[in-house]
Every structure is written in structure tokens, then in C-alpha cells.
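Worksheet: the structure to be examined is printed underneath.
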Amino acid sequence: MNRGRAELGALVGACRAAGVTDLLVLHETRGRPDGLTVSHLPHGPTAHFTLSGAVLRQEVGGLGGAPLAAPHLLLLRLDSALGKRVGSILKHLFPVPRPDSRRVVTFANEDDVILVRNHVYRRRGRTVELEEVGPRFQLRPYLIRLGTLEQGDAADVEWRWHPYTATAPKRRLLSAT
């Protein structure tokens, strides 16, 4: 839904009343998405991401649309403590998939940027074919708060990206290696 000029407190209250488990707020500049906020309801956490390289489903082509089935999730190279926390936040956005689901969503960490890809697979004899159905984009986490979105600065900060934490060229925040 389009947020319009609705206040965050009213939006979170409406989501709680409707029994919604997660609130995603997509930020844009001049029509291009550039940020994503994920708030788990009713108690948090809230994760803020910079979003880049967004390619919409219509631009990817392929099957013309992803199936509505809950996807299987692949969380690749998110093995540090922070990577596991971010992976847990992203994992809980999706319901448990059925075993016969053909949809796969991949969250792959590459140099502390999470690449998000959406695929459908088919078995043809002994081979498996992957077809990208979109959307695809990159996420870079910069803030994790313990509370929900409307609490804002009152919620405790669990993790925050600092401008100088990336100065060591070999240091990786989301992966252990």
C-alpha cells in the first residue's frame, strides 16, 4: 500500500490491529528505490538497509511473474554473529515453504552487500534449470534497533554501521571468513 502522508505510529497501529507480522517501508528518491526498513511486529527488531541496483520483475523478463508459493530460502555467507542476525531478520519475512514449492529466494553476502535474487527452478530429467523471475537488488545493512519502527530513537540500538568500520580492507562484518 502507498504510505502517502500517513504517520508511522498510525501505520504501525493499523498493522498491529490487522495482525500483520512484518512492516516493510520502501524509501525512494525520484522514483528509484534507495532504502528498505524492515520492522518485525509486535515487538521488533527493526533493520534499516540501503537498497541499490533494483531491477523490477517486469524488467527481468522470464516467466512473467513469480509464483505466489512461499519460497525456499538460501542464506549464503551470512555466518558471523551480525550476519546470522541479519539472516534471521530476513528469514522471518517469509512463511515456511511447502516441500513441492519451486520458488527460491537467495540472500548471498558478497563483501558485506547482500545480493537478493528470486528464481524458479524446474527439473528436466537429471538436470535442474534455474530461471530468474525478479525482482533483484542489493541490500547493505546500516542500523538494527531492538524496538519497532514507531519507537524511533527511543529504541535501543543493537548494531550500527560506523563510517570508519570499513577502513580495514580485509575486515568483513557479515561473514566470518
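Small disclaimer: the values here were computed from a predicted structure and weren't measured.
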**Phe94 vs Leu73 side-chain heavy atoms within contact, under 4.5 Å** = yes

Check: Just wondering, do Pro135 and Asn118 contact through their side chains at under 4.5 Å, heavy atoms?
Finding: yes

Is the shortest heavy-atom distance from the side chain of Arg3 to the side chain of Leu11 under 4.5 Å? yes

With Arg145 as partner, the option from Val157, Thr37, Asp156 fulfilling side chain to side chain contact (heavy atoms under 4.5 Å, CB included) is Val157

Does Leu90 reach the side chain of Ile114, with side-chain heavy atoms less than 4.5 Å apart?
-> yes

Got more than 12 heavy atoms from elsewhere within 6.0 Å of CD, Glu7? no

Nearest heavy-atom approach of Ser39 to Thr46 is OG-OG1, 3.1 Å

- Item | hydrophobic_cluster_shared for Leu93 and Leu74, side chain cutoff 4.5 Å | no

One should read off an interatomic distance between Tyr121 OH and His72 NE2, to the nearest 0.5 angstrom, of 4.5 Å

Identify each donor-acceptor pair in which a side-chain atom of residues 13-24 lies under 3.5 Å from a protein atom, sequence neighbours left out, and give them as a table.
from	atom 1	to	atom 2	distance (Å)
Arg16	NH1	Glu150	OE2	3.2
Arg16	NH2	Pro42	O	2.7
Arg16	NH2	Thr148	OG1	3.4
Asp22	OD1	His40	ND1	2.8

Taking every heavy atom of Leu115 against every heavy atom of Gln138, the minimum-distance pair comes out as CD2-CG, 3.3 Å

Taking the side chain as C-beta and beyond, is there a heavy-atom pair between Leu143 and Trp161 under 4.5 Å?
no

Sorted by chain and number, sequence neighbours left out, side chain to side chain donor-acceptor pair (under 3.5 Å) with Asp34 holds for Thr29

Between the CD1 atom in Ile89 and the CZ atom in Phe107, the distance rounded to the nearest 0.5 Å is 11.5 Å

Nearest heavy-atom approach of Pro97 to Ser101 is CB-CB, 4.5 Å

Does the side chain of Arg122 come within less than 4.5 Å of Glu131's, by heavy atoms? yes

State whether Arg136 and Glu132 are salt-bridged, where the test is any N-O pair (Lys NZ or Arg NE/NH1/NH2 against Asp/Glu carboxylate O) under 4.0 Å.
yes

inquiry  = Whether Arg123 and Glu129 form a salt bridge (side-chain N of Lys/Arg under 4.0 Å from carboxylate O of Asp/Glu) is what I want to check.
reply    = no

Verify same cluster id: Leu130, Val55 (apolar side-chain graph, 4.5 Å): no

For this session: Establish whether Val38 and Leu26 are linked, either directly or via other cluster members, by ILVMFWY side-chain heavy-atom contacts under 4.5 Å.
Result: yes

Distance col, row Leu51:CG vs Glu28:CD, nearest 0.5 angstrom, shows 11.5 Å

Report task. Check whether any side-chain heavy atom of Pro45 lies under 4.5 Å from a side-chain heavy atom of Arg85, and answer yes or no. Result -> yes

Q. Can you find a heavy atom in the side chain of Leu139 that is under 4.5 Å from one in the side chain of Leu36?
A. yes

